[in-house]
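Right, one structure below, let's go through it.
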Amino acid sequence: MALRVYNTLTGRKEEFVPLEPGKVKMYVCGVTVYDHCHIGHARANVVFDMIFRYLKYVGFDVTYVRNYTDIDDKIINRANRDGIPWHEVSRRFIAEFDKDMASLGLELPTHQPKATEHIPEIIAIVERLQEKGHAYAVAGDVYFRVATFADYLKLSKRNLEDMQAGARVEVDERKENPMDFALWKGAKPGEPSWESPWGAGRPGWHIECSAMSMKFLGETFDIHGGGKDLVFPHHENEIAQSEAANGSPFVNYWLHNGFVNINSEKMSKSLGNFFTIKEVLERYDAEVLRFFLLSAHYRSPIDFCDQNLTEAHTGLERIYKGLAEIHRLCDGRVAAGDSLSDSGRELEEKVTAIGIRFREAMDDDFNTALAIAGLFDLIRGVNRVATEDSVVNVRLHQILDAARQAVGDVARVLGIFSSVPVEYLGRIKSRRAAALEISTEEIEELIAQRALARKTKDFRRSDEIRDLLLSRNIVLLDSPAGTTWGVK
RNA sequence: GGCGACGUAGCCAAGUGGUAAGGCAGAGGUCUGCAAAACCUUUAUCCGGCGGUUCAAAUCCGCCCGUCGCCUCCA
């Protein structure tokens, strides 16, 4: 089955056919580096990281470009506010972005260009647009003349008249058309600037992406991604600039991820209901966040709230416990023979199917929710074997090993489940234990006392200890091998 | 005002023409001294409402109701 993707440009799912067989050229809008990243950035970047990984998984040679917007009004404002140079702001938040993305387990894109390192390329495009009559200069600024680009608004499917009727923007009298947008901004005194044919200034917001994508991917490339909120005006303007300058199609497939809501409300700085990635990672493991973000389809809105994160945590833990079972069964004694129990046969079927199910799910516009469902199904099969089969023979061992490998494939694409299971489980246990008001030593001591009580069948004392620990959020798990504990 | 998206069980969430995945929570059972975990069974005669197309619709079309987003910087 071929990969199908939802293309914002056509509003439909389409079969993905790259320009050059076997190769994919992909550009994703990065961040403007003026503040810490929030979970909206986390989603966008995790989603396209997953897409990047999957394209590679199915055998494409992928060139993935993600930019840093390192010069912008917001950066200048922040620098003025903090009383530091603008490049200090961008340098700092590039480092913070890199740190955040690394903690979320993202792979590095092929290229991570910066806007300020492409000023000559940007100026060249603006000049070309001016030569072709698509742009005009006014007192040091240069604007794109939207009236000259017939396809303007083809991505966001609006029309100029309606846009102007509902416009909430102050009209700039110097523009020929209120919808014309800045390609180059003349510098006011004290502002950072680069020399240009129009005087000292800096690039407009959209032009950098046209310049950098062209440099690394060519005039026409396969995939351009970003958050839904970038459709208008950012991506619309990129199309206008690039296609007007080059006279060739800009992008074949436009992919946009949905928003993150906070407790069902739009996340925004003015509402004060946004969380930075760092804040979230203080409360939840990075894999939990990643699992949560991928447990819904990338185009759907997703609601960030404690209940949903807790559910994600529980689900992820279930899978890791299952993986730990696979390891335990595989690493134990292997008996001779190749007969299979019902549960063994059932697992064999699930293992055989999982690879195909995963491909089908992902080929359908990267349906990670469905892919994860398949994984849960496999894990149930594993647990059933663990419960019902006391002996692992050669054949069952092979099946379990195949299950382990199948999960490994999914793990590499989703960027989850790639920890060693017992390490993950230990990690979340110590994370929770750190929040407890009782030390590990005290817990161990109480468990020892309880073991003694149980030995003498003093179950009253035994239950007393368990209830005491439970009141401190400690859950005990008795097994023939002894008692272990976990945090509720 | 213009444009667009969405509305599936208590909750989260797949499913775009063939008779409702998966997870969480709940109930019953197995196991256990009792629990926990795990496993088994179970939980939507039905997919916001009303019409229409079709042999057949949650899935296509129309209208209505509701929620949300974009139109200003935004992932």
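Chain A is the first sequence line, chain B the second, and so forth, proteins listed ahead of strands; every chain is numbered from 1.
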statement: Testing B/G33, B/G69, B/C11 for proximity to the side chain of A/Gln307, the answer is B/C11
- prompt: What are the two closest non-hydrogen atoms of A/Ile356 and A/Thr352, and how far apart are they?
  reply: CD1-O, 4.0 Å
query: B/G33 base stacked by A/Phe459? Criteria: ring centres under 5.5 Å, plane angle under 30°.
result: yes
message: Under a 3.5 Å distance rule, please check whether A/Asp70 uses its side chain to pair with a backbone N or O of A/Ser90 as donor and acceptor.
response: no
Same-atom distance (P) from B/C24 to B/U41, integer angstrom: 15 Å
- request: Can you tell me, in whole Å, how much space there is between the C1' of B/U19 and that of B/U59?
  value: 12 Å
- request: Have a look at A/Gly486 and say if it touches a base, only the backbone sugar-phosphate, or nothing, with a 4.0 Å heavy-atom cut-off.
  value: nothing
- prompt: Does a side-chain N or O from A/Asn257 land closer than 4.0 Å to OP1 or OP2 of B/A75, or not?
  reply: no
task: Assign A/His38 to base, sugar-phosphate, or nothing according to its heavy-atom contacts below 4.0 angstrom with the strands shown.
output: base
- prompt: Considering only the C1' atoms, how many Å lie between B/C60 and B/U16, rounded to the nearest integer?
  reply: 9 Å
task: Among the candidates B/A75, B/C12, B/G69, find the nucleotide nearest to the side-chain atoms of A/Lys266.
output: B/G69
field: P spacing across the pair B/A9 / B/A21, given as an integer number of angstrom
entry: 14 Å
- request: Using a heavy-atom cut-off of under 4.0 Å over every strand shown, decide if A/Val47 touches base, sugar-phosphate, or nothing.
  value: nothing
- prompt: Which one, B/G23, B/C34, B/A14, comes nearest to the side chain of A/Arg380?
  reply: B/G23
- prompt: Picking from A/Leu281, A/Ile262, A/Thr276, what satisfies side chain to side chain contact (heavy atoms under 4.5 Å, CB included) with A/Ile39?
  reply: A/Ile262
statement: Between A/Glu311 and A/Ser156, the residue closer to the 5' end of RNA chain B by nearest nucleotide is A/Ser156
statement: Quick note, A/Arg158 side chain, CB onward, closest among B/C11, B/C39, B/C3 is B/C3
query: Between B/C34, B/G2, B/A75, which one does the side chain of A/Arg466 approach most closely?
result: B/C34
- request: Would you mind classifying the nucleic acid contact of A/Glu388 as base, sugar-phosphate or nothing, using non-hydrogen atoms under 4.0 angstrom?
  value: sugar-phosphate
task: Check every strand shown and say whether A/Ser300 touches a base, only sugar-phosphate, or nothing at a heavy-atom separation below 4.0 Å.
output: sugar-phosphate
- request: Establish whether the base of B/G33 is bridged to the side chain of A/Asp463 by a donor-acceptor pair shorter than 3.5 Å.
  value: yes
- prompt: Mapping A/Arg384 and A/Ile372 onto RNA chain B by nearest heavy atom, which one lands closer to the 5' end?
  reply: A/Ile372
message: I want to check one thing: is the phosphate of B/C39, taken as OP1 and OP2, less than 4.0 Å away from some side-chain N or O of A/Arg318?
response: yes
task: May I ask you to verify if any side-chain N or O of A/Asn367 is less than 4.0 angstrom from the OP1 or OP2 atom of B/G15?
output: yes
- prompt: When you measure from the side chain of A/Leu370, which nucleotide among B/A14, B/C71, B/A75 comes out closest?
  reply: B/A14
message: Taking the P atom in each of B/C6 and B/U45, what is the distance between them to the nearest angstrom?
response: 25 Å
- prompt: Ignoring hydrogens and angles, are the base of B/G4 and the side chain of A/Arg299 linked by a donor-acceptor pair under 3.5 Å?
  reply: no
message: Over all strands shown, is A/Ala386 touching base, sugar-phosphate only, or nothing at heavy-atom distances under 4.0 angstrom?
response: nothing
message: Please report the distance separating the C1' of B/C50 from the corresponding atom of B/C65, rounded so that it comes out in whole Å.
response: 10 Å
- prompt: Given B/C34, B/G22, B/A37, which nucleotide is nearest the side-chain atoms of A/Asp377?
  reply: B/G22
query: Would you say the side chain of A/Asp478 and the base of B/C34 hold a donor-acceptor pair, judged only by whether the two atoms sit under 3.5 Å apart?
result: yes
task: Considering just the side-chain nitrogens and oxygens of A/Lys457, establish if one lies under 4.0 Å of OP1 or OP2 belonging to B/C34.
output: no
message: Any N or O donor-acceptor pair under 3.5 Å from the base of B/G22 to the side chain of A/Ser295?
response: no
